Amino acid sequence: MNDPGKRVVVLCGGESAERDVSHASGRSVARALLERGHEVTLIDPAAAVPVVAGPLRPGDDVKECAVGTTPPPRADRPRLRRRMHAALTGGPVLELLRDAELVFLALHGGWGEDGHVQALLEMAGLPFTGAGSAACAAAWHKHRARAALAAAGLPVTEGVLWRPGTDEVPPDAQRLLAHGPVVTKPVADGSSVSVHRVASLPHLAQVAADVPADEELLVEPFLPGREFTVAVVGSRPLPVVEIELTTPLFDYAAKYQPGGASEICPARIPADFAHRLQEMALRAHRALGFGAHAYSRTDFRCDAHGEPHCIEVNALPGLTPTSLLPLAATGAAWTYPDLIHHLMNLTQP
């Protein structure tokens, strides 16, 4: 049964490296909401003209948005961030948010996923989907999140923080590299942006040369085993998804270029192993403070012995038609509009 129609503002786009992915998510969410009888206003708060379309009413059409194989230029981010902050703290966008019965967050990465936007909405007293600001902030910084997961008894790999613009390669990072390939990634970013598999100090220096001076890298051992992800909606873990790669890493290009990866749901694994991964994802969800009124997606990678390790927890995972959370929902016999309906019922505050 459909709920009575609500006035919903969908926030998408934003200032992060995942801006294009977020646009695609927002348009997919808008179509599902319209199918369920809601009135929708679709807004990119970082756009020069923030209101993309709306209000849209059931029967209106929303075009799909393609995702490129490379993220938007980093140089655009300061300008987009200034626009976004202005839109969410005053003017017509804020008035539209105040007039809505619900703000649906289809933002990914950056301010959309690090707790910044959530904090602004909390201060304004506006109901929104997904986790609150504290949980988002806890999950966004991969090194601090990993410490919280380890404290909760979850298996994680060793990680070394490095600020290449100001520091030499830390001895612990050199030690990890001496024992085999490592993975480097920004300590705070999403969609596997700027993730590299590194097998030598010269290669590490080459990767570090492209890192801005104010940014930290996380260096961790490369795990050669299978890769899985498990979404949790409220208190319910969804079926396990396996990511079969044609490349060493599930990086941005592998996620968004045809043939970069195959995603299987439910994963072809023994039932007890699937249950173990689901239980670990639920523990990770709770350890970072997501609770019963939020959703998340926890990524796992297995070591050479087949043992899974928690890699990271995503606070606002992708919602494009081909994203991993919608795929897991199909494994639970939910349609895409069913999934959006469930997420609508998980609101903050």
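Keep in mind it's a predicted model, so treat the numbers as computed, not measured.
- Scored by the side-chain hydrogen bond (donor to acceptor under 3.5 Å, both in side chains) test, Glu307 finds Arg276 as partners (sequence neighbours excluded).
- For the residue pair His285 and Ser296, a side-chain donor N or O sits within less than 3.5 Å of a side-chain acceptor on the partner.
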Go through it in stages, so that I can follow the logic: the residues are Val232 and Thr298, the test is side-chain contact (heavy atoms from CB on, under 4.5 Å), and I'd like the CA-CA distance, side-chain angles, deciding distance and then a yes or no. CA-CA 8 Å; Val232 175; Thr298 299; 5.8 Å; no
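- By the neighbour-count criterion of 12 heavy atoms within 6.0 Å, atom CD of Glu64 is sparsely surrounded, having that number or fewer from other residues, nucleotides or ligands.
- Under a 4.0 Å N-O distance rule, the pair Asp76/Arg79 qualifies as a salt bridge.
- Using a cut-off of 4.0 Å between Lys/Arg side-chain N and Asp/Glu carboxylate O, Arg31 and Glu35 are scored as not salt-bridged.
- With Val198 as the fixed residue, the side-chain contact (heavy atoms from CB on, under 4.5 Å) test singles out one of Val207, Leu176, Val219: Val207.
- Here Lys142 does not pair with Glu220 in a salt bridge; the nearest charged N to carboxylate O distance is not below 4.0 Å.
- The pair Arg226-Glu242 counts as a salt bridge, with a side-chain nitrogen and a carboxylate oxygen less than 4.0 angstrom apart.
- With contacts defined as side-chain heavy-atom distances shorter than 4.5 Å, the pair His85/Thr89 qualifies.
- One finds a salt bridge joining Glu216 and Arg163 here, because a Lys/Arg side-chain nitrogen approaches an Asp/Glu carboxylate oxygen to under 4.0 Å.
- Using a 4.0 Å cut-off between charged nitrogen and carboxylate oxygen, Arg297 and Asp299 count as a salt-bridge pair.
- Taking 4.0 Å as the cut-off between side-chain N and carboxylate O, Arg27 and Asp61 do not count as a salt-bridged pair.
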